[in-house]
Student: 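Shown below is the structure under consideration.
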Amino acid sequence: MMSTVGDILQGSDRREVRREPGRVQLTLKIRRFNPEVSEDSWWDEFAVQADPFERLVEVLHEVKWRQDGTLSFRRSCGHGVCGSDAMMINGRNALACRVIVKDVAPKVTVEPIRGLPVLKDLIVDMEPFFQGYEAVLPHLINEEGEPRRERLQSPKERARFDDTTKCILCAACTTSCPIFWGDEEYVGPAAIVTAHRFIYDSRDRGARERLNILSEKTGVFRCRTTFNCTEACPRGIEVTKAIQDVKRTILFDRF
Amino acid sequence: MIVGGGAAGIRAAIAAAEISDTLSIALVSKVYPMRSHTVSAEGGAGAAMGADDSPDFHAFDTIRGSDWLADQDAVEAFVAEAPGEIVRLEHWGCPWSREPDGRIAVRAFGGMSVNRTVFAADKTGFHLLHTLFQTSLKYDRIVFYDEFFVTKLLVDDGRCAGVAAFDMRDSEVRCILAKAVILCTGGAGRIFPFTTNAAINTGDGMGLAYRAGVPLKDMEFVQYHPTGLPGTGILMTEASRGEGGLLFNNEGRRFLEDYIPSKMELGPRDILSRAIMQEIEKGHAFEGPYGHYVHLDIRHLGEKTIDTKLFFLRELAKNFIGIDPVHEPIPVRPVVHYMMGGVDTDIMGQTRLAGLYAAGETACVSINGANRLGSNSLTECLVFGARVGRQAAEDALEAVAPPTNLLAELAETEQDRLVGTYLQREGGGERISTIRTDLQTAMERGAGVFRTEESLKEAVEAVSGLRERYSEVAIDDRDRAFNTELVAALELDNMLDVADAVVRSGLERRESRGSHTRRDHEDRDDERFLRHSLAISTAEGAMIEYRDVTITQWPPAERKY
């Protein structure tokens with residue numbers, strides 16, 4: 001008799017069996033912190049057998065669910081669009097759900113992103129980051145009254161700010177910025193990216209206000225153009241270019 | 001108070017804030033709002049915006065897609081308000097993709113008679129959610145309780161009076177009182193092993209309402225999306241087919257001509273998912289390390305179109321399976337995507353418990369019936385988020401404040417429960433992950449694309465057994481700061497309730513309709529089952545009752561494409 005879909009699914013979903021031949025050994029070295037255990041962080045190592053195409057966030061799950069339930073990290077969508085799981089992976093900021101096992105095996109080091117207070121293990125306090133975001137008025141400003149239909153916007157006008165609409169607020173850029181590490185007053189690259197997204201949107205009328213905010217000492221001129229942010233962005237946003245755009249507008253354009 | 005910070009939740013918060021500046025609005029969410037699963041929606045939002053379209057066409061497509069199980073008064077309200085919501089989002093800054101003349105662009109999608117899906121590249125949910133979140137920040141009267149996990153609805157004198165929730169930073173339970181509580185916590189795809197859903201989609205709002213005595217409606221209807229990546233389940237957007245992508249079996253043939261020749265790749269999701277599963281059964285599928293699959297081919301669209309309209313899809317395929325869809329076909333297979341069922345509400349989002357409302361995937365209004373039309377879910381979040389926000393706000397303005405004298409006691413009782421059951425529990429040999437994996441396996445085996453009396457009975461037994469094992473669950477993490485294992489244990493509690501409602505509703509529905517396909521009852525049976533199922537919580541598991549479907553203009557007919 002023909003096999004049923006149920007049998008086929010059972011077969012295909014018994015992944016640990018079918019994937020076994022392709023499994024690789026991965027050692028995770030994870031920087032741990034628990035305020036209820038110690039004031040200092042420490043390192044733990046875990047050995048895991050993983051599919052080479054598995055996402056690192058799933059390997060962290062494997063550790064959490066089978067080896068050490070106390071391991072704590074944030075995650076949600078699992079494919080790089082919700083921005084929950086930015087971590088420092090082998091010394092560079094990345095999303096754990098975008099890092100593939102084969103690219104880091106046999107050993108990977110995982111630490112929390114830098115420049116924000118660590119709350120537990122890989123979880124940092126995001127509030128200072130969101131304060132920077134809120135400081136640049138991250139919403140469309142247009143007091144001209146809402147038309148009955150949509151406001152028209154040409155594909156070219158839409159394309160002008162496309163790159164900076166892609167920010168997922170993961171904080172990978174801001175927490176890779178040496179200026180931000182040293183000065184928590186600096187709004188940071190992600191906030192400037194958000195401001196950019198509105199400043200160059202043909203429908204927005206809040207550019208002057210935002211540019212004034214970004215001209216202050218906590219704003220764009222803190223940037224020393226190290227390009228760490230551009231390298232760190234998991235969405236491929238040209239962050240440094242966006243910051244330069246804003247600097248140039250402040251310096252050379254009347255607004 | 002709104003529980004959940006996705007599209008429906010934030011839309012509700014803004015609608016409530018617009019009703020009155022005297023209201024204080026709490027948005028409680030277990031993740032930062034922009035991490036909600038709305039962010040993953042790719043293809044677009046359905047609304048009759050185009051010159052060749054009309055709300056009636058949209059209504060008919062929705063009802064036909066639902067296999068006539070949608071309530072037609074709800075659908076009429078939905079299609080009438082949909083275009084206005086899309087325009088509002090535009091006014092709030094949503095970066096919709098545009099036509100050359102500057103209007104919002106529309107694209108084709110499955111199960112539709114005309115192009116009706118507005119989109120923002122192939123990251124529509126992401127842009128929609130961020131726009132809503134940004135707009136909500138303008139209102140000081142919306143207060144965010146980020147990373148708070150709700151453990152219980154507080155019911156006082158037959159009225160929902162708030163929630164008990166703990167701050168994940170310290171695991172301290174607080175009781176937050178409210179004159180109205182709106183559940184917008186999304187779906188429960190995680191009760192299945194292979195799903196497009198985020199790790200957070202554990203049916204929390206459904207579980208909360210269910211345990212408070214509110215029925216879960218039409219829970220047997222689980223949508224499989226036809227095109228997920230094998231292994232991870234990552235979604236390959238329906239927009240890929242809307243833009244002209246084709247499906248091939250291992251003979252290189254567009255097999256859909258055997259199943260739905262009139263619509264082919266633009267057929268509705270339930271029909272396409274069944275077709276792919278049947279191809280797998282016939283041996284017409286490819287086989288790889290992650291099981292069987294068919295090919296989604298978009299190569300003929302060319303790199304330029306792919307990069308402008310399907311950029312994210314290309315990025316996902318390259319990153320997660322190492323395949324560039326510009327040069328190679330993409331392996332895909334059906335994957336659990338959406339729950340048509342949910343918390344039973346009327347068309348204003350009101351549940352049968354006074355003071356409790358629901359909207360979005362959590363709710364079952366119902367506009368989705370037995371199968372949701374692609375691109376209706378984002379619009380549903382907007383339309384019914386706004387409706388429920390307005391309704392709850394107006395009701396709250398009239399309502400008497402809930403009594404505060406019980407607060408401390410309630411908080412203490414709930415804290416004791418968490419501590420006694422989980423944090424300081426002695427003994428107990430069951431791990432969360434083992435029960436959860438067994439649950440997912442039982443759901444796929446018993447209540448997958450194809451179901452039978454026997455498979456569903458086995459699933460009912462399995463879920464009851466897992467519920468018993470859950471009473472022995474033990475966690476490693478006994479600390480208070482960010483105890484994500486405690487969260488996982490409480491999520492599993494919700495998942496078990498939702499799963500029980502799914503399998504028992506499925507067992508009782510002895511017909512095939514929309515996504516619910518019974519091999520032992522292959523035909524639709526309007527005489528017996530043109531009715532909504534209502535799963536009601538009892539000590540012995542879900543008890544199933546039925547309620548008639550509301551028919552207005554479109555009498556039940558054969559679902560033809």
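Letters A, B, ... mirror the listed sequences (proteins, then strands); counts begin at 1. Model, not experiment: these values are computed from the prediction.
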Student: Are any non-hydrogen side-chain atoms of B/M168 and A/K120 less than 4.5 angstrom apart?
Tutor: no
Student: Less than 6.0 Å separating the ring centroids of B/Y290 and A/F53?
Tutor: no
Student: If you count every heavy atom of other residues, nucleotides or ligands that lies below 6.0 Å from A/E143 atom CD, does the total exceed 12?
Tutor: no
Student: Are any of the side-chain heavy atoms of A/R55 and B/F320 separated by less than 4.5 Å?
Tutor: yes
Student: Could you walk me through whether A/L169 and B/Y32 pass the side chain to side chain contact (heavy atoms under 4.5 Å, CB included) test, one step at a time?
Tutor: CA-CA 10 Å; A/L169 299 176; B/Y32 282 103; over 6 Å; no
Student: If you count heavy-atom pairs within less than 4.5 Å of chain A, which of B/T135, B/L137, B/T131 leads?
Tutor: B/L137
Student: Atom CD of residue position B/E454 - does it have more than 12 heavy atoms of other residues, nucleotides or ligands inside 6.0 Å?
Tutor: no
Student: Quick check for you: to the nearest 0.5 Å, what is the distance between B/L89 atom CG and A/L140 atom CG?
Tutor: 11.5 Å
Student: Under 4.5 Å heavy-atom distance to chain B, tell me which part of A/E146 shows up: side chain, backbone, both or neither.
Tutor: both
Student: Show the numbers, then the answer: is there a side chain to side chain contact (heavy atoms under 4.5 Å, CB included) between A/L137 and B/K138?
Tutor: CA-CA 9 Å; A/L137 311 174; B/K138 292 198 292 186; over 6 Å; no
Student: Using heavy-atom distances under 4.5 Å, tell me whether B/H37 contacts chain A through its side chain, its backbone, both, or neither.
Tutor: neither
Student: Less than 4.5 Å apart, any side-chain heavy atom of A/R74 and any of B/F482?
Tutor: yes
Student: Quick one: closest heavy-atom pair of A/P35 and B/A481, and the distance?
Tutor: CG-CB, 4.1 Å
Student: Out of B/D479, B/I432, B/L486, which one racks up the most heavy-atom pairs below 4.5 Å with chain A?
Tutor: B/D479
Student: Report yes if some heavy atom in the side chain of B/H130 is under 4.5 Å from a heavy atom in the side chain of A/R197; otherwise report no.
Tutor: no
Student: Who wins among A/D121, A/I123, A/V57 for the most heavy-atom pairs under 4.5 Å with chain B?
Tutor: A/I123
Student: Quick one: CG on B/L132 to NE2 on A/H139, what's the gap to the nearest 0.5 Å?
Tutor: 14.0 Å
Student: Under 4.5 Å heavy-atom distance to chain B, tell me which part of A/I168 shows up: side chain, backbone, both or neither.
Tutor: both
Student: Out of A/T194, A/D204, A/D125, return the one with the most heavy atom pairs under 4.5 angstrom to chain B.
Tutor: A/D125
Student: Under 4.0 Å between a side-chain nitrogen and a carboxylate oxygen: does that hold for A/E150 and B/R98?
Tutor: no
Student: Give, as side chain, backbone, both or neither, the part of B/R431 having an atom under 4.5 angstrom from any heavy atom of chain A.
Tutor: side chain
Student: Look up atom CD in A/Q153 and atom CD in B/E99, then write down how far apart they are to the nearest 0.5 Å.
Tutor: 13.5 Å
Student: Using non-hydrogen atoms only, which part of A/R203 is less than 4.5 Å away from chain B: side chain, backbone, both, or neither?
Tutor: side chain
Student: Using heavy-atom distances under 4.5 Å, tell me whether B/N201 contacts chain A through its side chain, its backbone, both, or neither.
Tutor: neither
Student: Relative to chain B, which segment of A/V37 carries a heavy atom at a distance below 4.5 Å: side chain, backbone, both, or neither?
Tutor: side chain
Student: Between A/P138 and chain B, which part of the residue has a heavy atom less than 4.5 Å away: side chain, backbone, both or neither?
Tutor: both
Student: What part of B/R436 is in contact with chain A, defined as an atom under 4.5 angstrom from a non-hydrogen atom: side chain, backbone, both or neither?
Tutor: side chain
Student: Which pair of non-hydrogen atoms, one from A/G69 and one from B/D476, has the smallest distance, and what is that distance?
Tutor: N-OD2, 2.8 Å
Student: Hey, which of B/L229, B/L316, B/N319, B/T196 is the one that makes side chain to side chain contact (heavy atoms under 4.5 Å, CB included) with A/H79?
Tutor: B/L316
Student: Given that the side chain runs from C-beta out, which part of A/I100 has a heavy atom under 4.5 Å from chain B: side chain, backbone, both or neither?
Tutor: side chain
Student: Is any side-chain heavy atom of B/E90 closer than 4.5 Å to a side-chain heavy atom of A/R149?
Tutor: no
Student: Let me know if B/E147 has heavy atoms under 4.5 Å from chain A in its side chain, its backbone, both or neither.
Tutor: side chain
Student: What part of B/I321 gets closer than 4.5 Å to chain A, counting heavy atoms only: side chain, backbone, both or neither?
Tutor: backbone
Student: Answer yes or no: does atom CZ of A/R92 have more than 12 heavy-atom neighbours from other residues, nucleotides or ligands under 6.0 Å?
Tutor: no
Student: Using non-hydrogen atoms and a limit below 4.5 Å, what part of residues 58-66 of chain A faces chain B?
Tutor: A/K64, A/W65, A/R66
Student: Should the pair B/R478-A/E36 be classified as a salt bridge under the 4.0 Å nitrogen-to-oxygen rule?
Tutor: no
Student: Tell me, side chain or backbone of B/I234 under 4.5 Å from chain A's heavy atoms, or both, or neither?
Tutor: side chain
Student: Name the member of B/P83, B/S40, B/P95 that forms the most heavy-atom pairs with chain A at distances under 4.5 Å.
Tutor: B/P95
Student: Could you check whether any side-chain N or O of B/H91 sits under 3.5 Å from a backbone N or O of A/P147, counting only pairs where one atom can act as donor and the other as acceptor?
Tutor: yes
Student: For the interface with chain A, which of B/R35, B/E485, B/Q134 has the highest count of heavy-atom pairs at distances below 4.5 Å?
Tutor: B/R35
Student: What part of B/F126 gets closer than 4.5 Å to chain A, counting heavy atoms only: side chain, backbone, both or neither?
Tutor: side chain
Student: Quick one: what part of A/N34 sits under 4.5 Å from any heavy atom of chain B, side chain, backbone, both or neither?
Tutor: side chain
Student: Any heavy-atom pair between the side chains of B/D477 and A/S72 that's under 4.5 Å?
Tutor: yes
Student: Which word best sums up how the rings of A/F130 and B/F133 line up, parallel for under 30°, tilted for 30 to 60°, or perpendicular for over 60°?
Tutor: perpendicular
Student: Between A/Y133 and chain B, with a heavy-atom cut-off of 4.5 Å, which part of the residue counts as in contact: side chain, backbone, both or neither?
Tutor: side chain
